[in-house]
Each structure stands twice: as structure tokens, then as C-alpha cells.
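Everything numeric here is computed off the predicted structure, so don't read it as measured data.
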Amino acid sequence: MKRIFEMTFSDLRNIDRKKLIEVIKHSEGRTVMAETVVAVPPLAEKVSNPELASAFSADLITLNLYDCMNPFIFGIDDINLSLNSGITQMAETIKRKSAINAADSEYVSSIRYIVGRPLGVNLEPVPENIPYPEGSRLSDRNLKYITEQGFDYLVITANPSTGVTEEDILMGIRKAREITEGKVMIIAGKMHMAGSGSLISDNFPDNFIDAGADAVILPAPGTVPGFTVEICRDIIEKIHSKGALAVTAIGTSQEGASEETIERIALMSKMAGADIQHIGDAGQSGMAVPENIMKLSMTIRGRRHTYRKMGCSIRK
């Protein structure tokens, strides 16, 4: 079986949930996930954040603030827009293009082809009384949409100021497991103290896995006060004992820190036993500093496999 950093675009294009989980396990802690905001102008002009993260060697691309009701990815869907057309005309063009994308059953497939990686989407189980874009909520409609569109995985967590509790996440996992019918890998947990309530409870991570999560997110060592290698290792051992994957997350804006910081966090996460290392979207303009994605990759799997992955983002 190939490891994820050895897989070509053709290998990954039609990969299913079970195979994706097996490939990640087989990669022995050398899988990089990059989260990118797609609802803002990208870091590099005329190149989407998902494409740029892919080019800098990420294996899995998570779309944050993706609107399932009005899908539009800056850097791809606005490629022919000009600032000279004026704000009003631009807004009308975005609205029109979003409606076309929403009716396109192959929209996500086309984005996957452009990006060349398995795609995930972040949906938030935000309480109904909290203002939040309907297309980014974890709802029955949006879960059916991501299943029909063929997203490879779903991330259920809490962005800042959403009021999401651990119980909200657990309910979201159960709903997602039922509606997606095993077609989408479910990743769930907390990267930091966003939402509400404690970071982790006494029942964590067992309750997440029992609810149906395929992979559990926890803060990477050194990202949240008190999260040492030893604490993370103990949690990850519990995750592995129940047959799930462990995801350590850099979600505290340290994705915009120095390369040396990323290298240290990556090594600590690997020592703790992480299967997937996540790097967040708050570095600059909706994604990690690209060099930090590459540094994370080089730290956990070396130049050879990093360059291979960077090359695979070009060849389709």
C-alpha cells in the first residue's frame, strides 16, 4: 500500500473514506493537513489558498468558511474579476457565480482537480441563537450537500466566538455519521479554547470516538498552555486504543510564527504519536505562511517526500 505522500493525483482522485483512513495509518505520522479560508482574497493573487497550500506539500486541504449554500472560492471563481469593475458589480458577479456553483453537481470535483488533493470542509455545530452563515453551519442540508458533492472528509470543531460546546460537537458527530452514511471521514475535536466550556472533559476522547469520529483533534504540544508532549501522548494513546486517528492542531495563530517554532511543534507532535498534523489558517490572508507548511512537512518526513508532494501538486 502506498503512503499518502507517495500517492499521485490519480491515486487520490477517487479515494473513499475507508481507503483514506488506511493510507493515513500506513503513513506513520507523516500526513500534513492545511486549513485554508476560502471566503477572502487569497495570499497570492489569482492563486487560491488551497492551491498554494497544496503546492507547498500539504496532503489534505480543509476549506474553512466554505458556504455550502453559496459556494465560491476566491482565487478560483474570481479569476476573471477585476477591481476596476467596482464593488457593486463585483458583488453581483460573485452572487451570480455562487448560484451557478450551487447548482453544479460536479463543482467540488472540479475544485479537487484544480487543487489535486483530498478536500475537507469545516462545518460548525453553532447554536441556533448565535449569528453564523447558514451555509457553514453543521445542518442536515449542508451534510447532505457535502456527501452528494463528494467531499473526502468533514471537520467538526469550534471557531472563536461561536458558543459551541463539547456536547454540540458530539451531537454534530452523531448527526454527521447518520447523514453521510459512512461516505465521509469525520474529524472532530477542539484546537484551542474557542467556543465555550472546557477544552477537554474527563470523557475525552472516548466520547468523540463513541459518537462516531474517525479522527480526534487536540491541540499540538506547545500551542495551548499546559499541553506538553506527555499530556498529548496520553490522550493519543487513548485515541489509538479505540482504533481512531489522532490529529494534533496548530490553531493558535502560531501558523504565522517562525519556521523554528513550527519545527519544534512538529517534532513534539510526532513524539506524542500524531497521525495527522494540522496547520491552521491564521498565518496570513487566510492560510498558514506557505514556508511553514513546507517546514512542517520537511520536519516530519524530510526533503525527499516533501519535494515529491510539491511536485505532485503540479502533475495531474
- Item | NZ/NE/NH1/NH2 to OD/OE distance under 4.0 Å, Arg117 and Asp152 | no
- Query: Do Asp214 side-chain atoms and Ile186 backbone N/O form a donor-acceptor pair below 3.5 Å?
  - Reply: yes
- Message: If we ignore hydrogens and angles and just use 3.5 Å, is the side chain of Gln284 paired with the main-chain N or O of Val289 as donor and acceptor?
- Response: no
- Without swapping roles, check the side chain of Ser269 against the backbone of Ile265 for a donor-acceptor pair under 3.5 Å. yes
- Message: When you compare the side chain of Asn64 with that of Thr36, does any pair of heavy atoms fall below 4.5 Å?
- Response: no
- Item | Atom pair CZ/CZ of Arg304 and Phe5 - distance to nearest 0.5 Å | 8.0 Å
- Task: Verify, without hydrogens or angle tests, whether Ser27 (side chain) and Arg30 (backbone) share a donor-acceptor contact under 3.5 angstrom.
- Result: no
- Leu43 versus Pro290: any side-chain heavy-atom pair under 4.5 Å? yes
- Task: Measure the acute angle between the ring planes of Phe9 and Tyr113, then classify it against the limits of 30° and 60° as parallel, tilted or perpendicular.
- Result: perpendicular
- For the side chain of Ser54 and the backbone of Pro50, is there at least one donor-acceptor N/O pair under 3.5 Å apart? no
- Message: Between Leu65 and Val38, is there a side-chain heavy-atom distance shorter than 4.5 Å?
- Response: no
- Quick one: does Lys295's side chain have a donor or acceptor within less than 3.5 Å of a partner on Ile262's backbone? no
- Task: Check step by step if side chain to side chain donor-acceptor pair (under 3.5 Å) holds for Asp140 and Tyr145.
- Result: CA-CA 9 Å; Asp140 291 7; Tyr145 169 85; over 6 Å; no
- Message: If you take the centroid of each ring, where Trp contributes its six-membered ring, are Tyr153 and Phe151 closer together than 6.0 Å?
- Response: no
- Task: Check the pair Asp16 / Lys183 against salt bridge (Lys or Arg N to Asp or Glu O under 4.0 Å), numbers first and verdict last.
- Result: CA-CA 7 Å; Asp16 62 20; Lys183 296 177 181 178; over 6 Å; no
- Is there a chain of hydrophobic side chains (I, L, V, M, F, W, Y, each step under 4.5 Å between heavy atoms) that links Met69 to Ile179? no
- Side chains of Pro127 and Asp168: does their closest heavy-atom pair fall under 4.5 Å? yes
- Would you give the length of the straight line joining atom OG1 of Thr31 to atom CD1 of Ile276, rounded to the nearest 0.5 angstrom? 6.0 Å
- Item | Derivation of the side chain to side chain contact (heavy atoms under 4.5 Å, CB included) call for Leu143 and Leu123 | CA-CA 9 Å; Leu143 288 170; Leu123 294 180; 4.2 Å; yes
- Message: Give me the atom names and distance for the closest heavy-atom approach of Leu52 to Ala44.
- Response: CD2-CB, 4.2 Å
- Task: For Tyr307, check side chain to side chain contact (heavy atoms under 4.5 Å, CB included) against everything at least two apart and list the hits.
- Result: Met298, Arg303, Met310
- Assess whether atom CZ of Arg264 is packed by more than 12 heavy atoms of other residues, nucleotides or ligands within 6.0 Å. no
- Message: I want to check something: taking the side chain as every heavy atom from C-beta on, are Ile300 and Glu28 in contact at a cut-off of under 4.5 Å?
- Response: no
- Neighbour count >12 (heavy atoms, 6.0 Å) for atom NZ, Lys144: no
- Item | Criterion side chain to side chain donor-acceptor pair (under 3.5 Å) on Ser139 and Asn142, from CA distance to verdict | CA-CA 5 Å; Ser139 64; Asn142 291 340; 3.3 Å; yes
- Query: Going by heavy atoms in the side chains, are Val32 and Leu60 under 4.5 Å from each other?
  - Reply: no
- Query: Leu218 and Ile239: side chain to side chain contact (heavy atoms under 4.5 Å, CB included), yes or no, with the steps?
  - Reply: CA-CA 11 Å; Leu218 67 155; Ile239 294 170; 4.2 Å; yes
- Query: Does Asn292 reach the side chain of Glu259, with side-chain heavy atoms less than 4.5 Å apart?
  - Reply: yes
- Query: Hey, mind stepping through Glu178 and Lys175 against salt bridge (Lys or Arg N to Asp or Glu O under 4.0 Å) and telling me if it holds?
  - Reply: CA-CA 5 Å; Glu178 177 184 355; Lys175 180 182 288 189; over 6 Å; no
- Query: Ion pair present between Asp206 and Lys238, side-chain N to carboxylate O less than 4.0 angstrom?
  - Reply: no
- Which is it for Lys25 and Asp275 under the salt bridge (Lys or Arg N to Asp or Glu O under 4.0 Å) test, yes or no, and what are the steps along the way? CA-CA 7 Å; Lys25 286 183 177 180; Asp275 300 291; over 6 Å; no
- CD1 on Ile250 to CD on Glu35, rounded to 0.5 Å: 12.0 Å
- Between Glu134 and Arg137, is the closest basic N to carboxylate O distance under 4.0 Å? yes
- Item | Check: Gln254 side chain, Gly222 main-chain N or O, donor-acceptor pair, under 3.5 Å | yes
- Okay, side chain of Asp104, backbone of Asn101: is any donor-acceptor separation there less than 3.5 Å? no
- Query: When hydrophobic residues are tied together by side-chain contacts of less than 4.5 Å, even through go-betweens, does Met171 share a cluster with Leu154?
  - Reply: no
- Message: Give me the atom names and distance for the closest heavy-atom approach of Ala249 to Thr223.
- Response: O-OG1, 3.8 Å
- Task: Calculate, to the nearest 0.5 Å, the distance between atoms CD1 and CD1 belonging to Ile231 and Ile236 respectively.
- Result: 12.0 Å
- Query: Are Tyr132 and Ile169 grouped together when hydrophobic residues (ILVMFWY) are joined by side-chain heavy atoms under 4.5 angstrom apart?
  - Reply: yes
- Item | CA sep, side-chain torsions, deciding dist, call: Glu124, Asn122, side chain to side chain donor-acceptor pair (under 3.5 Å) | CA-CA 7 Å; Glu124 303 273 337; Asn122 181 38; 2.9 Å; yes
- Could you check Val23 against Arg3 for side chain to side chain contact (heavy atoms under 4.5 Å, CB included), going step by step and ending with a plain yes or no? CA-CA 6 Å; Val23 164; Arg3 296 164 295 187; 5.8 Å; no
- Do Asn203 and Glu166 have a side chain donor and acceptor closer than 3.5 Å? no
- Verify, without hydrogens or angle tests, whether Gln149 (side chain) and Val108 (backbone) share a donor-acceptor contact under 3.5 angstrom. yes
- Under the salt bridge (Lys or Arg N to Asp or Glu O under 4.0 Å) rule, what do Lys242 and Asp210 come out as? Steps first, then yes or no, please. CA-CA 9 Å; Lys242 295 181 74 71; Asp210 292 342; 3.1 Å; yes
- Message: The test is side chain to side chain contact (heavy atoms under 4.5 Å, CB included); show your working for Ile187 and Val216 and say whether it passes.
- Response: CA-CA 6 Å; Ile187 304 172; Val216 179; over 6 Å; no
- Query: Salt bridge between Glu167 and Arg174, side-chain N to carboxylate O under 4.0 Å?
  - Reply: yes
- Task: Give, for atom CD of Glu255 and atom CG of Leu296, the distance between the pair rounded to the nearest 0.5 Å.
- Result: 11.0 Å
- Item | Cluster overlap Leu245 with Ile15, hydrophobic side-chain contacts below 4.5 Å | yes
- Item | Joint cluster assignment, Val115 & Ile79, ILVMFWY side-chain distance < 4.5 Å | no
- Note on the structure: Rounded to the nearest 0.5 angstrom, the CD-CG distance for Glu45 and Asp78 is 9.5 Å
- Message: When you compare the side chain of Phe204 with that of Ile235, does any pair of heavy atoms fall below 4.5 Å?
- Response: yes
- Query: Taking the side chain from Ser136 and the backbone from Tyr66, do they hold a donor-acceptor pair closer than 3.5 Å?
  - Reply: yes
